[in-house]
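A quick note: this is a predicted structure, and the numbers were derived from the prediction, not measured. Letters A, B, ... mirror the listed sequences (proteins, then strands); counts begin at 1.
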There are 2 protein chains.
Amino acid sequence: MTDLAPSKADQVHAQLKEEIELGELAPGASLSELWLVERTGASRTPVREALRRLAAEGLVDLAPRQGARVSRVSARSVRDLFEFRTLLEPAAVRQATEAASADPGLHREFAAMRDAFAGTLDQAPSTARSRSFYELADRFDWAVVRATRNEHLRRTIAELRPHTARLRNLSHLDPQRVEVSVGEHLAVCDALLAGDADGAAAALTEHLRRSLETIFRNLAGSPGEDVDLLG
Amino acid sequence: MTDLAPSKADQVHAQLKEEIELGELAPGASLSELWLVERTGASRTPVREALRRLAAEGLVDLAPRQGARVSRVSARSVRDLFEFRTLLEPAAVRQATEAASADPGLHREFAAMRDAFAGTLDQAPSTARSRSFYELADRFDWAVVRATRNEHLRRTIAELRPHTARLRNLSHLDPQRVEVSVGEHLAVCDALLAGDADGAAAALTEHLRRSLETIFRNLAGSPGEDVDLLG
DNA sequence: GTATGCCAAACTGTATACAAGACCTGCCGG
DNA sequence: CCGGCAGGTCTTGTATACAGTTTGGCATAC
């Protein structure tokens with residue numbers, strides 16, 4: 001299994017995905033192929049492939065003969081995203097719980113993360129702590145995804161991650177929220193490590209519910225309306 | 001909103017998707033770009049785009065520098081597919097139930113389908129009846145997808161449909177199963193029309209459970225093993 | 001007879017040229 | 001002054017040429 005060098009299409013795709021996640025490419029921004037060719041140094045063929053892939057992932061809207069734009073974020077899209085995650089991720093964490101019960105190595109990995117989360121609480125509130133927490137939370141989410149047995153479930157959740165990340169980067173980080181969120185992650189970890197699949201799923205559901213609540217409070221939008229946000 | 005002429009990439013994509021669904025392109029079949037160029041009359045660029053799209057949908061496997069193959073069907077992939085559908089489709093039918101309760105036109109549409117299912121029972125068992133039933137079941141599934149509010153849920157289920165269709169076309173139709181399946185669809189319809197979201201979801205879950213059972217009986221494989229089936 | 005190394009053919013990844021449609025600007029008519 | 005039309009420019013969709021890599025076969029050595 002020699003690691004192939006990533007193709008230019010891969011590179012352009014990864015670069016654009018990151019820039020969209022970080023909000024450097026704002027929702028609604030126009031992505032002309034020629035402009036991307038200049039920016040990335042690749043030719044139109046890999047650029048096109050990257051754009052098509054991003055469109056399949058929902059990060060880019062593609063209008064025939066009109067080109068690509070960074071997909072917009074509406075209150076409705078946020079609600080849809082979290083509703084969908086609430087459907088999928090508890091199921092994934094159930095599978096991860098079973099996997100961790102059967103695989104001691106995996107169990108240790110999750111135990112280490114639980115301790116890392118607990119360690120976060122000892123630090124004084126700061127943007128540095130916020131960032132290290134979100135990094136840790138990302139690693140935890142990723143570990144859950146990897147431990148998910150079902151291929152469709154795994155792929156679908158993985159595809160949602162950039163959307164969630166973008167939302168977090170577009171909205172303001174809420175230092176208050178970190179404190180609570182750590183606790184919620186600890187609850188999920190504890191249930192997972194105890195082999196309590198239902199408990200882990202329930203804790204994760206609760207975490208998602210509160211995250212959505214916080215996001216809407218910060219965006220000052222209400223879940224019902226369908227106006228464009230952030231752009 | 002004038003309907004744009006579909007691009008060549010669209011055409012190639014649709015054609016290949018259909019051939020894979022119908023089993024005319026067997027699992028594992030090699031799809032060289034040049035061969036597809038000859039077959040479809042398009043040039044490599046649209047062919048490549050179609051292949052990439054099919055890969056994103058999971059219908060073809062794409063190995064770097066080695067080309068595309070029609071994705072294989074394993075006992076495990078079948079189990080994963082149905083497990084995932086069991087997670088998603090009950091949620092979708094819940095949303096469809098709510099939508100039908102709120103929209104009289106939609107309610108009438110589903111009522112017409114219920115009657116059509118009931119009418120199927122009057123016909124004598126035959127391959128013609130089987131086909132008309134599956135066609136009807138497809139239209140019903142599609143109507144549920146369209147009535148699904150959540151965009152992610154709708155797109156994801158829509159992407160699974162070709163996989164299910166392929167499975168049905170690769171395995172033998174079971175005339176016995178039609179009789180029972182009609183009843184299961186009727187149960188879903190009745191609950192949906194009565195506004196009983198939980199009932200509709202439960203009936204659909206049961207339908208999926210039995211469908212999977214039948215498929216595994218027909219394929220003579222067991223859900224646990226992970227050997228390649230059908231080609 | 002088997003294994004190994006090399007060569008050639010084929011294929012994918014990439015770049016670029018060509019064609020056709022969409023958008024914008026500026027002019028003309030009302 | 002405003003609206004519609006025409007030309008030009010820019011963009012995307014498509015075709016094709018070019019380069020690097022993989023694969024399969026054949027010959028040769030053991």
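When the side-chain nitrogen and oxygen atoms of A/Arg44 are compared with OP1 and OP2 of C/dA15, none of them lie within a distance under 4.0 Å. Distances shown here put every side-chain N or O of A/Arg65 at or beyond 4.0 Å from the OP1 or OP2 atom of D/dG13.
Counted by atom type alone, A/Glu159 and B/His152 present zero donor-acceptor pairs between their side chains at under 3.5 Å. For the residue pair B/Arg177 / B/Ser211, a side-chain donor-acceptor distance below 3.5 Å is found, with atom types taken as modelled.
Contacts of B/Thr45 with the nucleic acid, taken as non-hydrogen atoms under 4.0 Å apart, include base atoms. As judged by a 4.0 angstrom heavy-atom cut-off over every strand, B/Ser32 is placed among residues touching the sugar-phosphate backbone only. Nucleic acid contact class of A/Arg52 (heavy atoms, under 4.0 Å, all strands): sugar-phosphate only.
When the shell of 6.0 Å around CZ of A/Arg108 is examined, it contains 12 or fewer heavy atoms from other residues, nucleotides or ligands.
As rounded to whole Å, 17 Å separates atom P of C/dA10 from atom CH2 of B/Trp35. For A/Leu34 and C/dA17, the CG to P distance is 13 Å, given to the nearest whole Å. Here the C1' atom of nucleotide D/dT14 and the CD atom of B/Gln11 are 12 Å apart, to the nearest Å. Protein atom CD of A/Glu33 is 12 Å distant from nucleotide atom C1' of D/dT14, rounded to whole Å. As a whole-Å value, the separation of A/Leu36 CG from D/dT11 P is 11 Å.
Position along DNA chain D of the nearest nucleotide to B/Ala42 versus A/Gln66 favours A/Gln66 as the more 5'-ward residue.
Pairing each heavy atom of B/Glu83 with each of A/Gln95, the nearest pair is OE1-NE2, 2.9 Å.
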